[in-house]
Each structure stands twice: as C-alpha cells, then as structure tokens.
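Here the structure is laid out as structure tokens; the discussion comes afterwards.
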Amino acid sequence: MCGIVGAVAQRNITPILVEGLKRLEYRGYDSCGVALHVNGKLERARSTARVAELEKQIEKEHLSGFTGIAHTRWATHGAPASHNAHPHFSRDRIALVHNGIIENHDELRDELKTLGYVFESQTDTEVIAHLVDHMYTGDLFETVQQATKRLVGAFAIAVFSRDEPHRVVGARRGSPLIVGIGDGENFLASDALALAGTTDQIIYLEEGDVVDLQLQRVWIVDENGKPVQREVKTVHAHTGAVELGPYRHYMQKEIFEQPRAISDTLEGIASITPDIFGDKAYGIFKKIDSVLILACGTSYYSGMTAKYWIEAIAGVTCNVEIASEYRYRDSVPNPNSLVVTISQSGETADTLAALRHAQAQGMRHTLTICNAATSAMVRECELAYITRAGVEVGVASTKAFTTQLTGLFLLTLALAQIKGRLNDEQEAAQLKAMRHLPSAISAVLALEPQIIAWAEAFARKENALFLGRGLHYPIALEGALKLKEISYIHAEAYPAGELKHGPLALVTQEMPVVTVAPNDSMIEKLKSNMQEVRARGGELYVFADADSRITSGEGVHVIRLPEHYGLLSPILHVVPLQLLAYHTALARGTDVDKPRNLAKSVTVE
Ligand code: HGA
C-alpha cells in the first residue's frame with residue numbers, strides 16, 4: 001500500500017527519501033515520486049516503474065534538496081499513471097503526498113474548480129493540495145490544521161510549501177504516520193521501517209494530530225488544535241529480514257521460515273497462563289462470556305479456525321466477522337464479549353475501524369493478535385499477543401497466518417483453563433504438541449517435490465474447487481485464496497457437505513478439486529463427498545494424513561502428510577496449500593511477491 005517519507009535537514013535528503021521508499025516497496029505500489037525544495041522552487045520526479053528507476057531519474061536530473069517528501073502509490077482513485085502519482089503540486093507552491101481516501105473529493109473538486117484550480121490528475125489527493133493552497137496564510141502548519149477540518153475520510157499527509165523552505169507539515173486521521181527525530185533534522189514516514197538506518201527515535205502520531213517539522217523543532221497539536229507531547233520511543237525496525245537470501249521469492253522464503261517463526265512465537269511460553277496476553281488478561285478473561293473476532297482476508301480465516309477451537313475446547317461462544325462488514329452493520333453489542341482483532345500489520349484500515357466501532361458501542365475488552373508490536377492495533381487494544389513471524393514481505397500471507405493460528409490456539413487454551421476445561425495433564429499434552437509443530441512443519445515442507453508435480457497440472461487450469469470440513473474448512477478457504485491471489489486461477493472453497501447444494505454443478509473433468517482430508521472425525525463424511533465428485537468426473541487432489549486410508553487411483557491423486565496432528569492439524573495442512581499456490585504461480589509466470597492489484601498492509605478502506 002501507499003508509503004510516505006518526508007524530511008527537513010541540512011544535507012541533501014534524496015538518498016534518505018529514496019532509501020525510505022525502497023524499504024516500503026515490498027508492500028506493493030504502482031507508481032512512486034519525490035518532490036524537493038530546490039532554490040526557491042518545487043521540483044519533482046515521478047515514475048510508474050520501480051523505485052530504482054525513480055532513483056535513476058533523480059540522478060539524471062541532478063535533483064537534490066534539504067526539504068522534501070516522497071511516496072509510493074497504490075491507486076484507489078485514478079489509474080496507476082504518472083500524472084496520478086504523488087507528490088501533487090498546487091500552483092507550484094504546495095507539494096503534497098497522501099495515504100488514504102478522501103470521501104468528499106467530488107464536492108471539494110467542484111468548489112476548487114470554481115475558484116480557478118486546474119486539476120491534472122483523477123486522484124482524490126490532488127484536492128487536498130489545492131485546498132491547502134487555497135487556504136494558505138503563509139503559515140503552513142496553521143493552514144493544514146484548518147484545511148484538514150474540511151476533509152472527510154482517511155488520510156496521512158505530508159506537505160511542504162515553496163515559501164517555507166525548512167518546514168514539512170504532517171497530519172493523520174485513519175492512516176498511520178510517524179515522526180523520526182534526528183539531530184538538527186527531522187523526518188516523517190508512514191512506518192518506522194522507512195527510517196531504519198536514519199533514526200530510531202520515533203513518535204507515533206495519534207488520530208487527528210498535526211505535526212510541524214522544522215530543523216530544530218517538532219511541534220504537535222491534537223485534533224482540537226491543542227499542543228501535545230507525544231512519547232518518543234526507541235524503535236529498532238528490523239531490516240535484515242527483508243533480505244531474500246537463497247530463495248527465488250519472498251513468499252517461498254516465508255513458507256520455509258514457518259518452523260522458525262512458530263518456534264519464535266512460542267519462545268518463552270513455559271505454561272498456559274492468561275499473562276501471555278498481558279497483565280490484565282486474567283481479570284478480563286474471567287469476566288467475558290463470549291469472543292468476537294474481527295479481521296480481513298487471511299486473518300479472517302485464522303479467526304474462523306479459532307472459532308472451531310474456542311467453542312470446542314474452551315466452551316466459549318465465538319463469532320467471527322469480516323471487519324469491513326462489521327464496521328457498518330447494526331449489530332447487537334455485548335459488553336461482556338472479548339473483541340479479538342487479527343492483523344499482520346496492525347494497521348489494516350477496516351480492522352482498525354471495526355475495533356473502534358466495537359469500542360464505541362461499549363465493548364471495552366479488546367485483544368489483538370498482531371505481527372507488529374508498535375502498530376495502532378497494539379496501541380489501541382487492552383491486550384496483545386505479538387506473533388514473531390518477522391517481517392512478511394510477500395503480499396500473499398503465509399507465516400503470519402500460521403503464527404496467528406499459534407497465538408489463537410494459545411488463547412483457546414488460556415480461555416479453556418479459566419473456564420475449568422483444561423487440567424494440568426491436558427495443558428502439558430497441548431504444549432508438547434505445540435512445541436513439536438516446527439519439526440512437524442519441516443516434515444511437511446519436505447513434500448515440496450510432489451507438490452511441484454501437481455502444480456504443473458494446476459497451471460493449465462482456470463478454475464479449482466477446494467473442499468474441507470470442520471476445522472479444515474477455513475484451511476480450504478485459505479488454500480483457495482492463496483491460489484487466487486498469486487496464480488489468478490479462479491478458486492472457490494466450500495465445506496464439503498455443501499457440494500450438493502450448488503457447487504457440484506461446476507464439477508466436470510476439467511475441474512480439479514483439492515481436498516483437505518486429515519484423519520479426523522469428519523473423514524468418513526468427507527470420503528462420501530469425494531465420491532460425489534468422482535461420480536461426476538471431477539479430478540481429486542487430496543492432502544491426506546498417513547492414516548487417512550485414502551488411496552490414489554484413477555482421478556484421485558494423494559499426497560500424505562507424515563502424521564495426523566489432531567486439533568493443531570490446520571497449522572500443518574495449510575502449508576502444502578501454500579506450496580501448491582506458490583508453484584502453480586511460478587509455473588504460470590506471475591509476479592508472485594507482488595500480485596496484480598494487491599498490496600501489503602491494507603491501510604485504505
Ligand atoms: N487515494 C490516493 C492514495 C491511495 C492510497 O493511500 N493507497 O494505499 C490515490 O489514489 O492516489
């Protein structure tokens with residue numbers, strides 16, 4: 001998703017801006033740009049190619065300056081073209097970059113057009129640049145505070161004026177923005193990662209904050225214009241993890257990192273205790289009578305898996321809602337419910353909004369399962385469980401998913417313990433099984449050559465069905481999502497019992513049907529569903545366990561996972577589905593780490 005970097009310094013800042021953009025590149029973007037204050041004028045370079053190309057352009061044009069802003073854009077309004085790329089200028093006086101969506105852009109555009117402003121782009125962002133210019137009093141900080149009051153929607157902006165050479169102003173509402181403090185120089189960014197290597201002294205701006213960045217001063221006002229002090233934190237953003245190493249793609253690397261990611265996530269957990277989720281967890285878990293999980297995409301599927309666990313093991317009612325639906329739905333709030341948000345980045349716009357919606361309705365008990373310790377989600381929830389997946393670069397989530405599942409299983413056990421449904425013996429057995437997960441996953445990863453052979457056949461298909469039952473239905477959904485995201489094959493997942501209620505009509509010899517078939521209590525039912533597919537000529541690709549008693553035959557291909565893993569089996573069974581999607585995409589020649597139209601850290605609605 002979009003990224004922002006800004007700087008005021010007494011040295012040439014182009015290397016800092018370009019390096020910052022490079023660090024944000026993995027999130028996916030379609031264009032990029034930089035604007036600088038150069039000898040009393042605004043100069044910019046924009047590109048629809050990679051940041052490396054932008055860098056060459058900057059070098060060719062000898063662009064350098066002490067004050068400037070930069071951006072990677074993931075288009076929401078207007079095509080990914082260079083005239084829509086940020087920074088946007090207004091009357092060669094104001095330069096501005098923006099993350100988010102301005103909902104009243106049409107109305108503002110009409111108003112600004114009647115004032116004589118000429119629009120060069122189709123973006124919602126350009127209206128902010130013109131609005132700031134129109135309201136400009138000669139004091140940019142003052143102007144931005146007034147102008148942002150007219151904006152409806154979500155934004156993080158960085159802006160500077162030709163007439164104030166040593167000043168950058170930032171503002172945020174609904175999209176993340178941080179300040180980096182330097183020595184006689186200061187910075188802005190949408191993520192601390194962008195400033196790694198430049199400064200580790202970070203201020204996380206809060207909702208509605210406007211910041212004035214000058215060489216020797218960082219001045220912040222809150223949404224009411226009141227000066228506020230925000231804590232400066234020392235943040236060691238990981239950078240090394242973004243190296244690709246011997247792998248062809250980040251997604252492949254991250255699939256293979258899962259044993260390590262899970263063992264890191266479990267590190268230090270000697271017993272099941274609510275404290276794993278925070279000091280206040282015991283009191284909160286005692287009080288709650290249900291769980292409400294809010295999430296999007298892959299995180300939503302980890303939530304769905306957790307529903308099976310939480311209800312079956314802890315005996316606690318659990319509902320799972322798609323965040324973008326929940327935030328606008330008239331639901332019945334339950335103040336005794338534990339609201340659990342799941343997000344890799346902790347900045348997912350819809351999930352954050354759903355959390356705030358739940359809180360506004362009086363649901364105060366909140367927990368996040370998140371991979372970013374300094375994210376808005378962690379700051380805004382009462383309790384947190386930080387997965388230690390490390391930086392996930394591939395747009396298609398893999399290790400974040402399995403570590404989320406690990407955290408959610410721990411949550412299930414902690415709730416079960418509080419509800420008197422987990423004795424010492426069961427606790428020890430579950431912990432032992434969890435600790436064995438890394439080596440069990442390594443054994444599954446060793447199946448890669450067999451999966452590559454299947455991927456060759458899948459690469460020639462345009463449709464696929466995924467089936468699972470019970471705990472493995474969400475895993476089938478996740479497998480279908482992975483295949484869609486990176487290979488662009490149309491894939492759908494169903495709980496296998498639903499086949500006869502519709503999707504069976506799609507089954508022909510052309511339709512590969514992937515079946516997640518561990519030897520659990522649903523296996524016999526699932527086998528009947530598989531027969532229904534075979535009877536219509538559908539070709540089955542079955543991920544079974546060593547003891548599932550499903551054999552290969554005509555139209556039935558079987559790969560066996562080394563062992564049946566009971567309740568934790570979803571964490572193992574998703575791994576071959578990730579590999580299948582990866583190798584199918586590879587065979588189709590798609591851009592695995594940056595699939596078309598998708599981005600990482602979905603910070604827009
Ligand atoms: N709406 C703006 C910025 C989009 C964005 O924040 N994407 O992550 C645009 O379309 O340019």
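In each ligand, atom 1 is the first atom listed, and ligand 1 is the first ligand listed.
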With a 4.5 Å cut-off on side-chain heavy atoms, are Leu108 and Glu111 touching? yes
Any Lys482 side-chain heavy atom under 4.5 Å of Leu577 side chain: no
So is Gly100 touching ligand 1 or not, going by heavy atoms under 4.0 Å?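 Yes, Gly100 has heavy atoms under 4.0 Å from ligand 1.
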So if I count the atoms of ligand 1 from 1 in the order they appear, which ones are less than 4.0 Å from some heavy atom of [X]?
X      : answer
Asp124 : 1 (N), 2 (C), 9 (C), 10 (O)
Arg73  : 9 (C), 10 (O), 11 (O)
His98  : 3 (C)
Asn99  : 6 (O)
His77  : 10 (O)

Compare Ser190, Ala156, Cys2 and give the one whose heavy atom is closest to atom 7 (N) of ligand 1. Cys2
Is it the case that [X] places NZ or CZ above or below the six-membered ring of [Y], under 6.0 angstrom from the centre and within 45 degrees of the axis?
X      : Y      : answer
Arg588 : Tyr488 : no
Arg230 : Tyr204 : no
Arg44  : Phe89  : yes

Classify the side-chain pair Thr143/Thr137 by whether it contains a donor and acceptor separated by less than 3.5 Å. yes
Answer with side chain, backbone, both or neither: which part of Thr125 has a heavy atom less than 4.0 angstrom from an atom of ligand 1?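 Side chain only.
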